[in-house]
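Down below is the structure, laid out as structure tokens.
Convention: sequence-line order gives letters A, B, ...; per-chain numbering from 1.
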There are 2 protein chains.
Amino acid sequence: MSAETERRSSSENRREQILASATAVFGERGLAGGTTDAVAHGAGVSQAYVVRMFGSKQELFVAVTERACARVMETFRAAIATLPADSPIPQRLEVLGRAYVGLTADRGILLTLMHAFTLGHDPRIGPIIRERYLEIYRIARDEAGLGPEQASHFLATGMLINTGMGMRMFDVAESDADARELLGCMWGDEADEAIALMASVPTLPDVGRR
Amino acid sequence: MSAETERRSSSENRREQILASATAVFGERGLAGGTTDAVAHGAGVSQAYVVRMFGSKQELFVAVTERACARVMETFRAAIATLPADSPIPQRLEVLGRAYVGLTADRGILLTLMHAFTLGHDPRIGPIIRERYLEIYRIARDEAGLGPEQASHFLATGMLINTGMGMRMFDVAESDADARELLGCMWGDEADEAIALMASVPTLPDVGRR
DNA sequence: CTATGTAGTTATCAGCCGATTACAACCAAC
DNA sequence: GTTGGTTGTAATCGGCTGATAACTACATAG
């Protein structure tokens, strides 16, 4: 394969490119609002190819959702693995919290999940997202040893962070003291760091068709 | 006006009917996924009338969002008004929590807000939802006297409840012990009551056009 | 009775977008 | 070198849906 012009790519590479693009698109626009054309444009392939590779837009969304959940679970498990067996609860919360902030580096992952959370009524997506969310809950409760109360509190904080991301609260954090304060309560000590990390992330460009 | 066949209605009545229908539709499908035709069907009017009354689908969504925020703020303020001036924080949290559970009686209100939270990038909706959310935060922090930490914790729990609603976690609460436990941590003592209240809420029917 | 505004409809247009089809380019093996 | 599978594209179709236009029905004032 030539180094310069790699016009053809392995199926797996393409698949990953498309999933990454779709994560950004679905994260910002959701299943109904995101178009296969925008996904294709972001991945540098044709719209037809996106649809054919995944069968349908809905199946692509399912794949993106599963991938996002897998990322979340990997990230949490990797964080948990760094903990000593007898570490106290506050330290466990701290480590998991940092892991969550790390997840925000890719907006699309958490925002796509947020959209998936609104699709419980969908017969295809509903069962998947419920199962995966409970799986994440069990990881926090059992594997991280937080117990039911702290685990649900942890997930609640995560949802507040997602909400702040979806609303783009960072855009007003500089000018609005209340926004800064609220974001500060979400992130704890790392608030400034996290806000700086996420501010001025560009909106997806509107892409005309083909 | 005849009592039986009210074929014509005052503009305000119609407006309220349309907003109620739109709240249900947008709550389930979001701005991009909800159709003006479904809204019209739910309100018993024609699709064209819905669009003309509000100018555009987006403006209808803005109106629904503003109405939903107003409901939330009214509900919180009414709950706060029942509190004695020197009531302790736990009691304040308890009263606000009950008020939030009361809001879940109309799924559409909280679910529409959840969709609005994903629209921060939208130049029309973003500024509105950020401003309203911060307003609600200030109500919890100042008017209810919770302070920053407890107020953000309260909002976080609210977001977890919204997420549970969006995922339709109630549908599996009967059969899945973890789901019951998680929902229990959200609602506290009223979990069973709340779950019973919200289970088996029908999905919006798919409505063909006209 | 007529005029005028309000409440509503039907019909239709025009653009968007997912999906399908047919075809092209490349590669590896025999 | 031809055969067959893989990687991809261009073109197009057809349904959905927001918006618009043109029209109808009713009510109220003068």
Side-chain angles (χ1 to χ4, degrees), chain A residues 1-19 21-22 25-26 28-64 122 124-125 204-210, chain B residues 1-19 21-22 25-26 28-64 122 124-125 204-210:
Chain A
M1 182 180 300
S2 80
E4 181 57 35
T5 62
E6 39 178 85
R7 294 181 47 199
R8 285 171 78 92
S9 180
S10 77
S11 175
E12 262 180 60
N13 282 350
R14 280 290 189 226
R15 190 184 156 89
E16 192 52 38
Q17 286 173 338
I18 291 173
L19 284 172
S21 172
V25 170
F26 287 142
E28 181 142 323
R29 315 272 183 198
L31 171 57
T35 68
T36 56
D37 208 53
V39 173
H41 188 263
V45 295
S46 67
Q47 177 261 347
Y49 192 49
V50 170
V51 172
R52 216 190 36 185
M53 175 169 272
F54 291 88
S56 68
K57 184 168 85 155
Q58 166 142 316
E59 286 307 310
L60 171 59
F61 187 87
V62 168
V64 167
D122 185 295
R124 182 77 224 280
I125 296 166
L204 277 184
D206 272 339
V207 49
R209 192 164 196 200
R210 272 171 285 269
Chain B
M1 182 182 299
S2 80
E4 182 57 34
T5 62
E6 41 178 84
R7 297 183 43 202
R8 284 170 80 91
S9 180
S10 76
S11 176
E12 261 178 62
N13 282 351
R14 278 293 188 224
R15 191 183 154 89
E16 191 52 39
Q17 286 173 338
I18 291 173
L19 284 172
S21 172
V25 169
F26 287 141
E28 181 142 324
R29 315 272 180 195
L31 170 57
T35 67
T36 55
D37 207 53
V39 172
H41 187 261
V45 295
S46 68
Q47 177 262 346
Y49 192 50
V50 170
V51 172
R52 216 191 34 186
M53 175 169 273
F54 289 88
S56 69
K57 183 168 85 154
Q58 165 140 317
E59 286 307 311
L60 171 59
F61 187 86
V62 168
V64 168
D122 185 294
R124 182 77 224 282
I125 296 167
L204 278 183
D206 272 339
V207 48
R209 193 165 196 199
R210 274 171 282 270

Whole-Å distance between dA7(C) P and M53(B) CE? 7 Å
In whole angstroms, how far is the C1' atom of dT17(D) from the CZ atom of F26(B)? 13 Å
Has T36(A) got a side-chain N or O lying under 4.0 Å from the OP1 or OP2 atom of dC17(C)? no
Per atom distances to the R14(A) side chain, the nearest of dA19(C), dG8(D), dG18(D) is dG8(D)
Residue-phosphate contact under 4.0 Å: Y49(A) side-chain N/O, dT9(D) OP1/OP2: no
Closest of dA19(C), dT9(C), dA22(C) to the Q47(A) side chain is dA19(C)
Whole angstroms only, please: what is the CD1-C1' distance between I18(A) and dT7(D)? 11 Å
In terms of side-chain heavy atoms of V51(B), which of dT7(D), dA19(C), dT20(D) is nearest? dT20(D)
What nucleic acid atoms does G34(B) come within less than 4.0 Å of, heavy atoms only: base, sugar-phosphate, or nothing? sugar-phosphate
Atom CG in L60(A), atom CZ in R15(A): separation rounded to 0.5 Å? 9.0 Å
Closest approach to the side chain of A48(A), judged atom by atom: which nucleotide of dA10(D), dG18(D), dA19(C) is it? dA10(D)
When you measure from the side chain of R52(A), which nucleotide among dG18(D), dT9(C), dT7(D) comes out closest? dT7(D)
Please state how far atom CG in N13(A) lies from atom C1' in dG8(D), giving the value in whole angstrom units. 15 Å
Given that V45(B) and L31(A) both sit by DNA chain C, which one's nearest nucleotide is further toward the 5' end? V45(B)
Salt-bridge test for D122(A) and R29(B): reply yes if a basic N is under 4.0 Å from a carboxylate O, no otherwise. no
Find the distance Q17(B):CD to dA7(C):P and express it as a whole number of Å. 13 Å
Nearest-Å distance for atom pair CG/P, residues D37(B) and dG18(D): 8 Å
Between dT17(D) (C1') and L60(B) (CG): distance, integer Å: 14 Å
Test side-chain contact (heavy atoms from CB on, under 4.5 Å) on F54(A) and V62(A); report intermediate values, then the result. CA-CA 10 Å; F54(A) 291 88; V62(A) 168; over 6 Å; no
Provide, to the nearest angstrom, the distance between the CD atom belonging to Q58(A) and the C1' atom belonging to dC17(C). 16 Å
Kindly determine whether T35(B) and K57(B) satisfy side-chain contact (heavy atoms from CB on, under 4.5 Å), including the steps that lead there. CA-CA 8 Å; T35(B) 67; K57(B) 183 168 85 154; 5.9 Å; no
Quick one: label T35(A) by what it contacts on the DNA or RNA (base, sugar-phosphate, nothing), any heavy atom closer than 4.0 Å. sugar-phosphate
Derivation and outcome, side-chain contact (heavy atoms from CB on, under 4.5 Å), residues I125(A) and L31(A): CA-CA 11 Å; I125(A) 296 166; L31(A) 171 57; 3.8 Å; yes
